[in-house]
Amino acid sequence: LAEAGAARSGSPAPGPSAEQVEAAAGMSPEERQEMIEGMVARLEERLTSTGGEPEEWVRLMASYSRLGRADDAQRAYELGRQALGPEGGASFLREQALLLGIIQE
């Protein structure tokens, strides 16, 4: 999604820079996990304080899901749904949450 959005907008896909990836390679597993958790927390903080695009809310839900934090993924879905509203992409968010297994029909 991020790559498709970046291709559409002409901006680079969000995520760590090459330097950050290289630095992460030298970290212990615990340090890497802490770095990832911090990135996800900052994404949620930004989205809940200033809003964001539907794809960013999907990235937050998927991140929590990959981290094994199903309750947080569900919470991110609810927050995103409320923030986006019916005309702002909530239906897209719901569709993605279904595909990720965050919600059930």
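Just so you know, these numbers use all the heavy atoms, side chains as well, and skip hydrogens, waters and symmetry mates. Just so you know, these numbers come straight off a predicted model, no measurement behind them.
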Could I get the full list of side-chain hydrogen bond (donor to acceptor under 3.5 Å, both in side chains) partners for [X], not counting sequence neighbours?
X	answer
Thr50	none
Glu19	Ser17
Gln74	Glu78

At what distance, to the nearest 0.5 angstrom, does CD of Gln33 lie from CE of Met27?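 Rounded to the nearest 0.5 Å, the CD-CE separation comes out at 12.0 Å.
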Measure across [X] and [Y] and return the closest heavy-atom pair with its distance rounded to 0.1 Å.
X	Y	result
Ala83	Trp57	CB-CZ2, 3.8 Å
Phe92	Pro54	CD2-CB, 3.6 Å
Gly85	Ala90	O-CB, 3.1 Å

Is there a side-chain contact between Tyr64 and Asp71 (heavy atoms, below 4.5 Å)?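 They are not in side-chain contact.
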Using a 4.5 Å cut-off on heavy atoms from C-beta on, say whether the side chain of Leu60 contacts that of Leu47.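 In short, these two side chains touch, coming nearer than 4.5 Å.
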Qualifying salt bridge (charged side-chain N to carboxylate O under 4.0 Å, His left out) pairs, either residue in residues 88-105, two or more places apart: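 Those involving residues 88-105 are Arg94-Glu105.
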Residue pairs passing the salt bridge (charged side-chain N to carboxylate O under 4.0 Å, His left out) test where at least one lies in residues 32-53, sequence neighbours excluded: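 Output for this query lists Glu37-Arg69, Glu44-Arg75, Arg46-Glu56.
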In terms of hydrophobic clusters joined by side-chain contacts under 4.5 Å, are Leu84 and Leu99 together?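 Different hydrophobic clusters.
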For Ala97, all residues meeting side chain to side chain contact (heavy atoms under 4.5 Å, CB included), sequence neighbours excluded: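 For Ala97, the residues satisfying side chain to side chain contact (heavy atoms under 4.5 Å, CB included) (neighbours in sequence not counted) are Met61, Tyr77, Ile102, Ile103.
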Assess whether side-chain contact (heavy atoms from CB on, under 4.5 Å) is satisfied between Val40 and Leu67, documenting all intermediate values. CA-CA 10 Å; Val40 174; Leu67 290 170; 4.0 Å; yes
